[in-house]
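Note sheet for the following structure.
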Amino acid sequence: MSGDHSHNEGQIDCGSRVNDSYKHKDKYKEKEHKHKDHKKDKEREKSKHGNSDYRDSSDKKHKEKEKIKHKDGSTDKYKDKHKRKEEKLKSLDGKIKKEKENGFASPPYVKSEPEDEFYQSPRHDKSLKRERDDDNDSEFKPKKIKTENDKKAKKRKQDDDIKSKKTKNKKGEVTDGKKKAKKEPEEKWKWWEEERYTDGVKWKFLEHKGPVFAPPYDPLPSNVKFYYDGKPMKLSPEAEEVATFFAKMLDHEYTTKDIFRKNFFKDWRKEMTSEEKAIITDLKKCNFSDMSEYFKAQSEARKAMTKEDKQKIKEENERILQEYGFCIMDNHRERIANFRIEPPGLFRGRGDHPKMGMLKRRIRPQDIIINCSKDSKHPEPPPGTKWKEVRHDNKVTWLVSWTENIQGSIKYIMLNPSSRIKGEKDWQKYETARRLKKCVDRIRNQYREDWKSKEMRIRQRAVALYFIDKLALRAGNEKEEGETADTVGCCSVRVEHIKLYPESDGQEYVVEFDFLGKDSIRYYNKVPVEKRVFKNLQLFMENKEPDDDLFDRLNTSILNKHLQELMDGLTAKVFRTYNASITLQQQLKQLTNSEDNVPAKILSYNRANRAVAILCNHQRAPPKTFEKSMQNLQTKIDAKRDQLSDAKRELKISIYLGQINNISKKKAVQRIEEQLMKLEVQATDREENKQIALGTSKLNYLDPRISVAWCKKFGIPIEKIYNKTQREKFAWAIDMADEDFEF
DNA sequence: GGATAAACTTAGGAAGCCCAAG
DNA sequence: CTTGGGCTTCCTAAGTTTATCC
């Protein structure tokens, strides 16, 4: 009932989405330039027209108009932005672009169409005050287990003991004196059976050893040379290091891109001595190939290392992992996700990124902020260095942070997905999505009502929400121009990204979407929509330029505020989670045949998973070796077929000879048949998966309890669905879901 | 109330690893 | 033993949402 939006009819057919990311598309390139120049004008224009140009002023609306005008004026989203941008523009270009003549913002309110019946929309209670966290959610109340404060304290001390013992252990082997309890982190802690923190506190105790820094720069041997203008040139260590970054990427297509080269060269020059700067003025005259060869040789050498040497490295890595890869959080030793600081290098943005090639600088101890408990043993900075700061903020989950120099954003070291702190959050996410399931009908009715609203902003909000719901689009924040690739989501979609077809391929009211979304992955979809949506889209597009926002009176913050009123904890992305999970559940129900054998059932699972991946537009570049591996598989299948007919013939002969003892031959036939079937299934699966990435949805959108329940119901070992890492992440679900679980 | 910073989740690609086939 | 290929893990960019500031 509630879950049957069937938003993805026709999408489950894998062929319906063209899979083109930026790599394959040039179309976007042209647009981009145009777009950049336009956007500023556009916003200026919006503020100009913002609240003055509603076209229709039928008498009956006079009273409301006052109200609306007021409201609208105060919420016009472009006023200040416009100023900011203009200034920026001036300083950047040294001139002001000409104003756009005809860029219109949408009028604030809309004449009701004749067919609009007026009736009171079922007003829904907003009475539910937001009570921080989904504490009122019964499903998410872990059993109250012992409340123990001194117990905890005791336990913590014990943990400390264990740990300090361990760190003394030179070998890095996890043997600790008294027991092997450490090897098997004491019977897997079931955090989901314990009470959660409420008040925004994330932990009470946190101790860790700080980050692992990137190894220092190792200068090139003197026989490896850099050439400028054909002549060998010894570079200063600083300049040389940056040069090696480029050399290492030499056969990547990045290094052929203009922006990349320009950014790189600019930043490289900053690292040069004044002498170097004076000489090296043209990247084209730089020859890195000697360096490049050297690195290739190095990596070959690494591959060719003896087993013993490889083993040594592995052990060393394990030692580092044991020392730095774990922390103690509230009595438990938990795995850290990214305990290694990102090494310096050249920034590799995705898609047409304006900053690609810039130098990502080396992070030093004095850049690092440490977060841990006051009463813990604080991590030591490397000898002779200092941390930027040590703080004790237990309202956040990170252990280490630093500011990155490309976008100026903060990077964090946090815990592994298997940790309590991440797991609880993940669980909570799915519970929120399940609460949406309970009220999604109401919300859908609401936005359908809102398509008829007299206020433009409400109509836009309602249509956007419809897309987010039906098509599982992302929210689509505005992005600062020139800082990132030009990509969009629902709220930031522009007129140029959609096409309207009153009729197409025998369907009415078809909308064609074509834009670059997150990671510059192309979203292409052609879907029929409801008539009212279609009419609204026409209205939103009136008098607009291609690069104007489709929803000019909407942004993610407005949308999320609205959603928050509809349901506690509701945000745009909850719809993605909800629709993904409910789709998996439905598809599993529909596709699984209990008569099937295990491989066939798993194929069904993968197909259900695939339906979700298609819905969420999770694409991947077809593996480079795809065609070949497909062929190989086919060869195997053919061989297996031959083998099968041989085995069958032998069986026949044996029957013909009246042998009674042909059981083994029967078995052989059976076994081979099964193997063949398995291969064929594998081939199908792989073919269908060519450009579709299942991992993302599996890891981030599908309530793991659905999969666990399915496994239990059909006797599929969970290992067939989740690998080791995934089982660790979803341990809570594996432990708690039984076969009756319903999302 | 809008801009910006901070925190945290989601994402695809590259590198690493491991195992089966040759 | 070597190779190739597929799966896993690592990496870090790019989103969303929340918090804070003015």
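Residue numbers begin at 1 in each chain, while the letters A, B, ... track the order of the sequences. Values below: all heavy atoms of this structure, side chains included; hydrogens, waters and symmetry mates excluded. Everything numeric here is computed off the predicted structure, so don't read it as measured data.
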Identify which nucleotide among [options] has an atom closest to any side-chain atom of [X], counting heavy atoms from C-beta outward.
{"X": "A:Asn560", "options": "C:dG15, C:dA14, C:dT17", "result": "C:dT17"}
{"X": "A:Thr487", "options": "B:dA7, C:dG15, B:dG12", "result": "C:dG15"}
{"X": "A:Lys518", "options": "C:dT8, C:dA14, B:dC18", "result": "C:dA14"}
{"X": "A:Lys425", "options": "B:dC8, C:dT17, B:dG13", "result": "B:dC8"}
{"X": "A:Asn723", "options": "B:dG13, B:dA7, C:dT8", "result": "C:dT8"}
{"X": "A:Asn700", "options": "B:dA7, C:dT12, B:dT10", "result": "B:dT10"}

Looking for any heavy atom pair under 4.0 Å, which part of the strands does [X] touch: base, sugar-phosphate only, or nothing?
{"X": "A:Gly408", "result": "nothing"}
{"X": "A:Lys314", "result": "sugar-phosphate"}
{"X": "A:Gly476", "result": "sugar-phosphate"}
{"X": "A:Ser409", "result": "nothing"}
{"X": "A:Thr556", "result": "nothing"}

- Test side-chain contact (heavy atoms from CB on, under 4.5 Å) applied to A:Lys355 - qualifying residues, sequence neighbours left out: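 Partners of A:Lys355 under the side-chain contact (heavy atoms from CB on, under 4.5 Å) test: A:Phe347, A:His353, A:Met358, A:Ile406, A:Gln407, A:Glu483.
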Atom [atom1] of [X] and atom [atom2] of [N]: how far apart are they, to the nearest Å?
{"X": "A:Ile410", "N": "C:dT20", "atom1": "CD1", "atom2": "C1'", "value": "12 Å"}
{"X": "A:Ile413", "N": "B:dA7", "atom1": "CD1", "atom2": "C1'", "value": "15 Å"}
{"X": "A:Tyr578", "N": "C:dT16", "atom1": "OH", "atom2": "P", "value": "21 Å"}
{"X": "A:Asp519", "N": "C:dT12", "atom1": "CG", "atom2": "C1'", "value": "11 Å"}
{"X": "A:His618", "N": "B:dG13", "atom1": "NE2", "atom2": "P", "value": "12 Å"}
{"X": "A:Lys429", "N": "C:dT17", "atom1": "NZ", "atom2": "P", "value": "12 Å"}
{"X": "A:Tyr701", "N": "B:dT9", "atom1": "OH", "atom2": "C1'", "value": "8 Å"}
{"X": "A:Trp398", "N": "B:dA6", "atom1": "CH2", "atom2": "C1'", "value": "10 Å"}

- Task: Could you note down all residue pairs passing salt bridge (charged side-chain N to carboxylate O under 4.0 Å, His left out) where residues 571-583 of chain A supplies at least one of them, sequence neighbours left out?
- Result: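 Not a single pair qualifies under salt bridge (charged side-chain N to carboxylate O under 4.0 Å, His left out).
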- Query: Reckon A:Lys360 has a side-chain N or O less than 4.0 Å from the OP1 or OP2 of C:dC11?
  - Reply: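 A:Lys360 to C:dC11 OP1/OP2: no side-chain N or O under 4.0 Å.
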- Message: On the nucleotide C:dT17, are OP1 or OP2 found under 4.0 Å from the side-chain N or O atoms that A:Thr571 carries?
- Response: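 Indeed, a polar side-chain atom of A:Thr571 lies that close.
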- Using the closest heavy atom to pick a nucleotide of DNA chain B for each, name whichever of A:Asp426 or A:His252 lands nearer the 5' end.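 This one resolves to A:Asp426.
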- Earlier contact from the 5' end, DNA chain B, for A:Ser697 and A:Arg348: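 By nearest-heavy-atom nucleotide position, the 5'-most residue is A:Ser697.
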- Message: So A:Asp426 and A:Phe730, do their side chains get closer than 4.5 Å, heavy atoms only?
- Response: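 Sidechains of A:Asp426 and A:Phe730: in contact.
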- Would you indicate whether the side-chain heavy atoms of A:Pro343 and A:Arg362 approach each other to under 4.5 Å?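 No, every pair of side-chain atoms sits at 4.5 Å or beyond.
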- Message: For DNA chain C, which residues of residues 335-343 of chain A approach it to below 4.0 angstrom with any heavy atom?
- Response: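 Listed by number, they are A:Arg335, A:Glu342, A:Pro343.
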